[in-house]
Amino acid sequence: QVQLVESGGGLVQPGGSLTLSCAVSGGHFSDYDMYWYRQAPGKQREWVATMPKSGTTAYNGFVAGRFAIIGENIENTVYLQMSALKEEDTAVYYCRADWGSVYWGQGTQVTVSS
């Protein structure tokens, strides 16, 4: 029912910024716990940020205030704003919706390199 489509990834220099988009269809993100995850080659997928259906947003400690997860109701889109990017932020970033059933997007590549 729910489909998630990520976009906005690309190549950025260390210290730069990117905003990733997760376009939601088949439902509205406000009916789900929304997440961003990331996975680097050869590594486990790791949690980045959460925007709960009810409650406050939460972030993995490695974000250190650099990222923000934001929902835009009219556009039915969840964003991940990223700044002060580091080379270790390089990964495929995935959107997730969860309210009993779990849905994943296809991912978008973020490469941080000089």
Side-chain angles (χ1 to χ4, degrees):
Q1 293 181 349
V2 173
Q3 292 185 329
L4 310 173
V5 180
E6 300 98 330
S7 62
L11 176 64
V12 63
Q13 289 184 274
S17 300
L18 278 177
T19 297
L20 307 181
S21 300
C22 175
V24 181
S25 61
H28 197 273
F29 70 78
S30 62
D31 294 322
Y32 298 86
D33 294 332
M34 300 298 299
Y35 303 81
W36 283 97
Y37 281 75
R38 70 186 188 185
Q39 188 168 25
K43 296 185 178 180
Q44 297 275 343
R45 188 170 298 186
E46 63 182 353
W47 167 68
V48 175
T50 304
M51 184 178 67
K53 180 178 184 294
S54 298
T56 58
T57 57
Y59 302 90
N60 197 314
F62 62 67
V63 171
R66 300 179 298 123
F67 293 4
I69 184 170
I70 300 169
E72 170 53 54
N73 282 319
I74 303 302
E75 297 176 358
N76 197 17
T77 299
V78 177
Y79 298 94
L80 183 67
Q81 296 181 340
M82 305 185 295
S83 61
L85 285 162
K86 307 172 181 179
E87 289 186 354
E88 52 263 44
D89 294 320
T90 295
V92 177
Y93 284 72
Y94 297 91
C95 183
R96 166 180 159 173
D98 188 339
W99 195 252
S101 298
V102 177
Y103 304 92
W104 291 93
Q106 83 289 348
T108 185
Q109 176 72 50
V110 173
T111 303
V112 184
S113 177
S114 60

Considering only Ile, Leu, Val, Met, Phe, Trp and Tyr, and joining two whenever side-chain heavy atoms are under 4.5 Å apart, list the other residues clustered with [X].
X: Ile74; answer: none
X: Tyr79; answer: none
X: Val5; answer: none

inquiry  = Holding to salt bridge (Lys or Arg N to Asp or Glu O under 4.0 Å), I want the full list of residues that pass it with Arg45, two or more places apart in sequence or in another chain.
reply    =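 In terms of salt bridge (Lys or Arg N to Asp or Glu O under 4.0 Å), with neighbours along the sequence ignored, Arg45 is linked to no residue.
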Would you tabulate the side-chain donor-acceptor contacts of residues 84-91 under 3.5 Å, counting partners in other chains and residues two or more places apart, or write 'none'?
from  : atom 1 : to     : atom 2 : distance (Å)
Asp89 : OD1    : Arg38  : NH1    : 2.9
Asp89 : OD1    : Arg66  : NH2    : 3.2
Asp89 : OD2    : Arg66  : NH1    : 2.7
Asp89 : OD2    : Arg66  : NH2    : 3.4
Asp89 : OD2    : Lys86  : N      : 2.8
Thr90 : OG1    : Glu87  : O      : 2.9
Thr90 : OG1    : Val112 : N      : 2.9
Thr90 : OG1    : Val112 : O      : 3.4

Return a table of donor-acceptor pairs under 3.5 angstrom between the side chains of residues 13-26 and protein atoms on other chains or two or more places apart.
none

ask   = Which pairs with one or both residues in residues 13-33 pass ring pair (Phe, Tyr, Trp, His ring centres under 6.0 Å), sequence neighbours excluded?
value =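 For residues 13-33: none.
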key: Contacts of type ring pair (Phe, Tyr, Trp, His ring centres under 6.0 Å), residue Trp104, not counting sequence neighbours   = Tyr37
message = Tell me which pairs pass disulfide bond (SG atoms under 2.5 Å apart) where either residue lies in residues 27-83, with sequence neighbours left out.
response = none
Show which side-chain atoms of residues 52-65 pair as donor or acceptor with protein atoms under 3.5 Å away, not counting sequence neighbours.
from  : atom 1 : to    : atom 2 : distance (Å)
Tyr59 : OH     : Ile69 : N      : 2.9
Asn60 : OD1    : Phe62 : N      : 3.4
Asn60 : ND2    : Trp47 : O      : 3.0

request  = Quick one: which residue pairs count as a salt bridge (Lys or Arg N to Asp or Glu O under 4.0 Å) with a foot in residues 7-25, not counting sequence neighbours?
outcome  = none
key: All side-chain hydrogen bond (donor to acceptor under 3.5 Å, both in side chains) counterparts of Asp98, not counting sequence neighbours   = Arg96
